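What follows is a set of notes on a single structure, which appears directly below.
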Amino acid sequence: MEYFPRRSYSDIDVKEAGRIIAGDVIWTEESAPHIREAFAVANSWRDSHDFPMRSIRHSVIRFMYRRAIQGISAARLKRMKAIRMKLTRIPVGLHQLQDLGGCRFILPTIADVHKLTAILKAELPHTLR
């Protein structure tokens with residue numbers, strides 16, 4: 001059976017943490033535990049995107065290998081500083097951010113890109129955007 005990570009916090013916790021980290025975080029003796037908890041929730045939410053991101057990356061790498069498509073790939077989670085900046089720029093909550101993790105594939109030619117895209121659209125059980 002596949003391992004799927006379990007979320008540690010509720011949707012309400014994630015929404016509240018996003019609201020807190022998007023605001024002006026002023027560190028005082030009284031606010032410190034509240035701020036620490038908000039960042040713990042936000043980091044947990046961010047980390048919960050690691051497994052699906054890596055799963056997609058490895059699936060695409062397998063498709064490339066089977067079809068002899070050469071290229072390189074990378075994947076990473078968005079840094080917390082970038083998450084905080086984005087939450088202050090756009091009117092969405094932490095739970096609504098759609099780019100907490102991402103994969104990149106660099107192929108030698110645009111023909112290879114079109115070939116891989118066609119294969120993925122036909123065979124990958126995920127929606128390509």
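Computed from a prediction, not measured in an experiment: that's the story for all the values here.
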### Message
Taking Lys78's backbone N and O only, do any of them form a donor-acceptor pair with Arg46's side chain (distance below 3.5 Å, no angle check)?
### Response
yes

### Task
Find out if a path of hydrophobic residues (ILVMFWY) with successive side-chain heavy-atom gaps under 4.5 Å connects Val113 to Ile61.
yes

### Message
Testing the basics here: between Ala17 and Ala42, what is the closest heavy-atom pair and its distance to 0.1 Å?
### Response
CB-N, 4.2 Å

### Task
Just jot down the side-chain contact (heavy atoms from CB on, under 4.5 Å) partners of Met85, sequence neighbours excluded, or say none.
Lys81, Arg89

### Flag, side chain of Asn43 to backbone of Phe39, donor-acceptor distance under 3.5 Å
yes

### Message
Has Arg57 got a side-chain atom pairing as donor or acceptor with Ser73's backbone, closer than 3.5 angstrom?
### Response
yes

### Task
Evaluate the side-chain contact (heavy atoms from CB on, under 4.5 Å) criterion for residues Lys86 and Asp99: first the C-alpha distance (whole Å), next the side-chain angles of each, then the deciding distance (0.1 Å), finally the verdict.
CA-CA 10 Å; Lys86 189 165 190 174; Asp99 63 343; 2.7 Å; yes

#### Entry: Whether over 12 other heavy atoms sit under 6.0 Å from Glu123 CD
yes

### Query
Can you get from Phe63 to Met53 by hopping between Ile, Leu, Val, Met, Phe, Trp and Tyr side chains that sit under 4.5 Å apart?
no

### Task
Only counting residues at least two apart or in another chain, list the ones meeting side-chain contact (heavy atoms from CB on, under 4.5 Å) with Arg62.
His58, Ser59, Arg66

### Message
Let me check something: do Leu100 and Val41 share a hydrophobic cluster, defined by ILVMFWY side-chain heavy atoms less than 4.5 Å apart, either directly or through other members?
### Response
yes

### Task
For Asp13 and Ser10, indicate whether the former's side chain and the latter's backbone hold a donor-acceptor pair under 3.5 Å.
yes

### Query
Distance from Gln98 atom CD to His49 atom NE2, nearest 0.5 Å?
9.5 Å

### Task
Walk me through it: do Asp47 and Ser44 pass the test side-chain hydrogen bond (donor to acceptor under 3.5 Å, both in side chains)?
CA-CA 5 Å; Asp47 292 346; Ser44 175; over 6 Å; no

### Message
Ignoring hydrogens, what is the shortest heavy-atom contact between Leu107 and Leu116? Give both atom names and the distance.
### Response
CD1-CD2, 3.9 Å

### Message
When you group the ILVMFWY residues by side-chain heavy-atom contacts below 4.5 Å and let the links chain together, are Trp45 and Leu77 in the same group?
### Response
no

### Query
Are side-chain heavy atoms of Asp11 and His95 found at a separation under 4.5 Å?
no

## Note on the structure
Lys115 meets the side-chain contact (heavy atoms from CB on, under 4.5 Å) criterion, sequence neighbours left out, with Ile69, Ile119

### Task
With sequence neighbours excluded, tell me which residues meet salt bridge (charged side-chain N to carboxylate O under 4.0 Å, His left out) with Lys15.
none

Solution key, residues 18-27 side-chain donor-acceptor pairs under 3.5 Å, sequence neighbours excluded:
from  : atom 1 : to    : atom 2 : distance (Å)
Arg19 : NE     : Glu16 : OE1    : 3.1
Arg19 : NH2    : Glu16 : OE2    : 2.5

### Message
Working to the nearest 0.5 angstrom, can you tell me the gap between Phe105 CZ and Asp112 CG?
### Response
14.0 Å

### Query
Is a side-chain donor or acceptor of Glu37 paired with a backbone partner of His34 at a separation under 3.5 angstrom?
no

### Message
Donor-acceptor pair, distance only, cut-off 3.5 Å: does the side chain of Ser55 make one with the backbone of Pro52?
### Response
no

### Task
Output the rest of the hydrophobic cluster of Ile106: all Ile, Leu, Val, Met, Phe, Trp and Tyr residues reachable through side-chain heavy-atom contacts under 4.5 Å, sorted by chain and number.
Ile72

